[in-house]
Amino acid sequence: MQLRYNYRAYPDATQRRALANAFGCARVVWNDCLRDRKEAHAAGLPYVKSAELSRLRITQAKRTAERAWLADVSAVVLQQSLRDLDSAYKNFFDSLKGKRQGRKVGPPRYKSKKDTRQSIRLNTNAFSLQENGTVYVAKVGNLKVTWSRRLPVAPTSLTVTKDSCGRYFLSFVVDTGPDILPGLETDAGIDLGLSAFEVLSDGRKIDSPRFPRRAEKKLKRLQRELSRKARGSKNRAKARIRVARQHAKVADRRRDWHHKASTQIMRDNQAVYVEDLAVSGLGRTRLAKSVHDAGWSAFVGMLQYKAVKHGRTFATVDRAFPSSQVCSACGFRDGPKPLHVRQWTCSQCGTVHDRDHNAARNVLFEGRRIVATGRVETLNACGAPVRRAHVPAQRVEAGSPRKGQTTQAGIPGH
C-alpha cells in the first residue's frame, strides 16, 4: 500500500528563491499546455498528445528568448507538471463517462501565482536523502527538514509545497506493507454528531474540541485588522499572512486530534462501523459552521485507511438507514424524531433510549450484517453453505466501490 509522510522544511533565502522559480516554471508549463489543448478543442482539432506538448512547451521553449528561464529548474519538475495536467484531464473525462465515483470533476483550470498553495512534484531522479538529515532537491540544494518520525522505506516521489502562510512541507510517498495489529474480539458502531463528536456503541461519548470556536475571537480580530488595510499594500500582505497562520493552527490542531482519536479506535476494536453522512449537503444548512468545524469526512477517511493499514474491518452504513428511528433492544421502528428529542421511549418494549447511543448500537448491528452477508459462504440453518452476492472490491485493490453499495476495507475475520 502507498502512504504519504509529511515533514516541515526550512529553506534559506537562496533556496526559497530557487523554489519560487520552480513553482513559477511548473505553473507556466501547465498553463501553456492547457492553453494549447483548449485552443485545439475550440478549433475542432484532435486532442493534443503529451509527447507533442513536451516537445513544444518544454524542449523547444527552452531555446526561445521568452522561455529560456525554464532551463533554470530541473526538467523533472516540468515533466511532472505536464503529467499532472494529464491526470486532471483523465479525471475530468472519467467523470463525464461515469467511470469516476463521487462528485463531478470539472475541466482543468489555469493556475495563478496568487494561488495560496504552490507545489512541485519530483521523482527519485531529482531528489535524494542525505546522511546528515537534509534532503537534496535538484537545482535547489540541501533542504533542512524536521524529521518527526522515520520513513519506513525509501520514498518513490516527493512533493514540495508552500502553503498560504508561507510554510514549506516535503511530502514523501512510500510503498510499504500493512502493519497488522493483534486480533481482538471487540467491534464498535459510531454515531457522529455535533454536541458530541462521536458516540460509541458501548456508551462512551467523545466531545468535540471545537477548535475554530475556541479560536473565533482571535480570528475575528485578525480578520478585522486585515479588512482595514489598503489593498495592494505591504501591511495588508502581512495581515493576510497572520490570518492564514491562525487558520493553519486551527487546521493542524483538528488534524492532530482526528489522528489520535482514529488511531485509538482502531487499536481498541477489530471492526469499526460508521454511518455514511451527507456532509456536503449538511454544509449548506444553518449548521454549516459546526459541520465544517467537526471535520467528519476527514475523520472517516482516516478510519478507512487505518483499517487497511492495521488489518481491521471497516464498513459504512448507508445514510438512508433509520438508525435514530429503530429500537436497538427489540428492533421496532418507532418513526422519525426531531433533532431536539435526545431521549425517547420505545412504544413497543418500553426501553428508554439515549438518541445517539441507540443510533450507535443500530449502526453496529447493521455493520455486522453487512460484513456477514459479504462473506463468500455463510452457513444456513441446515449447515449448508449459501452463496452470497459478491461484495465491492476494496479501495486498495481495484478502486472505488460500485454505486449503491456500502464500502468495506480491512481484513474481516482477523
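These numbers come from the heavy atoms of this one structure, side chains and all, not from hydrogens, waters or symmetry mates.
When all heavy atoms are compared, the tightest approach of A26 to I120 is CB-CG2, 4.1 Å. Shown here for C327 and H353, the closest heavy-atom pair between the two residues is SG-NE2, 3.0 Å. When all heavy atoms of R355 and P338 are compared, the pair lying nearest together is NH1-O, 2.9 Å.
Between K289 and E216 there is a salt bridge, with a side-chain nitrogen of the basic residue lying less than 4.0 Å from a carboxylate oxygen of the acidic one. Ion pairing of E225 with R221 is present here, as a side-chain N (NZ or NE/NH1/NH2) and a carboxylate O approach within less than 4.0 Å. Using a 4.0 Å cut-off between a side-chain N of Lys or Arg and a carboxylate O of Asp or Glu, K205 and D191 do not qualify as a salt bridge. A salt bridge links D94 with K90: the distance from a Lys NZ or Arg NE/NH1/NH2 to an Asp or Glu carboxylate oxygen falls below 4.0 Å. Checked for salt-bridge contact, E366 and R369 meet the test: a charged N lies under 4.0 Å from a carboxylate O. Salt-bridge check for R83 with D86: failed, with every basic side-chain N at 4.0 Å or more from each acidic carboxylate O. Between R204 and D202, at least one side-chain N (NZ, or NE/NH1/NH2) sits under 4.0 Å from a carboxylate O, which counts as a salt bridge. Using a cutoff of 4.0 Å between basic side-chain nitrogens and carboxylate oxygens, D179 and K309 are not scored as salt-bridged. A salt bridge does not link D32 with R27: none of the charged nitrogens is closer than 4.0 Å to a carboxylate oxygen.
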Going through the distances and angles, do S290 and R213 end up as a side-chain contact (heavy atoms from CB on, under 4.5 Å)?
CA-CA 9 Å; S290 298; R213 299 285 186 179; 3.0 Å; yes

Give the C-alpha distance, both sets of side-chain angles, the deciding distance and a yes or no for side-chain contact (heavy atoms from CB on, under 4.5 Å) between D12 and Y10.
CA-CA 7 Å; D12 56 29; Y10 297 89; over 6 Å; no

Run the side-chain contact (heavy atoms from CB on, under 4.5 Å) check on H258 and F197 step by step: do they pass?
CA-CA 11 Å; H258 281 169; F197 178 77; 3.8 Å; yes

Between R117 and D163, does the side-chain contact (heavy atoms from CB on, under 4.5 Å) criterion hold? Intermediate values first, please.
CA-CA 5 Å; R117 182 181 181 275; D163 66 4; 5.7 Å; no

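How far CZ of R210 is from CG of D207: 8.5 Å, rounded to the nearest 0.5 Å. If you take OG on S347 and CZ on R333, they are separated by 13.0 Å, rounding to the nearest 0.5 Å. Between the OG1 atom of T351 and the CZ atom of F332 there is a distance of 12.5 Å, given to the nearest 0.5 Å. From R16, atom CZ reaches atom OH of Y168 across 6.0 Å, with rounding to the nearest 0.5 Å. Rounded to the nearest 0.5 angstrom, L53 CG and C33 SG are separated by 4.5 Å. A distance of 10.0 Å separates CE in M266 from CG in L181, rounded to the nearest 0.5 Å.
There is a side-chain donor-acceptor pair under 3.5 Å between D175 and Q2. A donor-acceptor pair shorter than 3.5 Å cannot be found between the side chains of Q80 and D84. Counted by atom type alone, N269 and R312 present zero donor-acceptor pairs between their side chains at under 3.5 Å. When only modelled atom types and interatomic distance are considered, S128 and Q130 share a side-chain donor-acceptor pair under 3.5 Å. Looking at S324 and K337, their side chains never bring a donor and an acceptor atom within 3.5 Å of each other. No side-chain donor-acceptor contact under 3.5 Å links S233 and N235. A donor-acceptor pair shorter than 3.5 Å cannot be found between the side chains of Q118 and T161. There is no side-chain donor-acceptor pair under 3.5 Å between N123 and S157. Side chain to side chain, N358 and S328 meet the donor-acceptor criterion of an N or O pair below 3.5 Å. S201 and R361 share no side-chain donor-acceptor pair at under 3.5 Å.
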Check residues 139-151 and write down every donor-acceptor pair under 3.5 Å in which the side-chain atom is one partner and the other belongs to a residue at least two apart or another chain.
unit_1, atom_1, unit_2, atom_2, d
K139, NZ, A71, O, 2.8
W147, NE1, G133, O, 2.6

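Checked against a 6.0 Å centroid threshold, the rings of Y47 and Y89 count as neighbours.
Checking side-chain atoms of R254 against main-chain N and O of D293 turns up a donor-acceptor pair under 3.5 Å.
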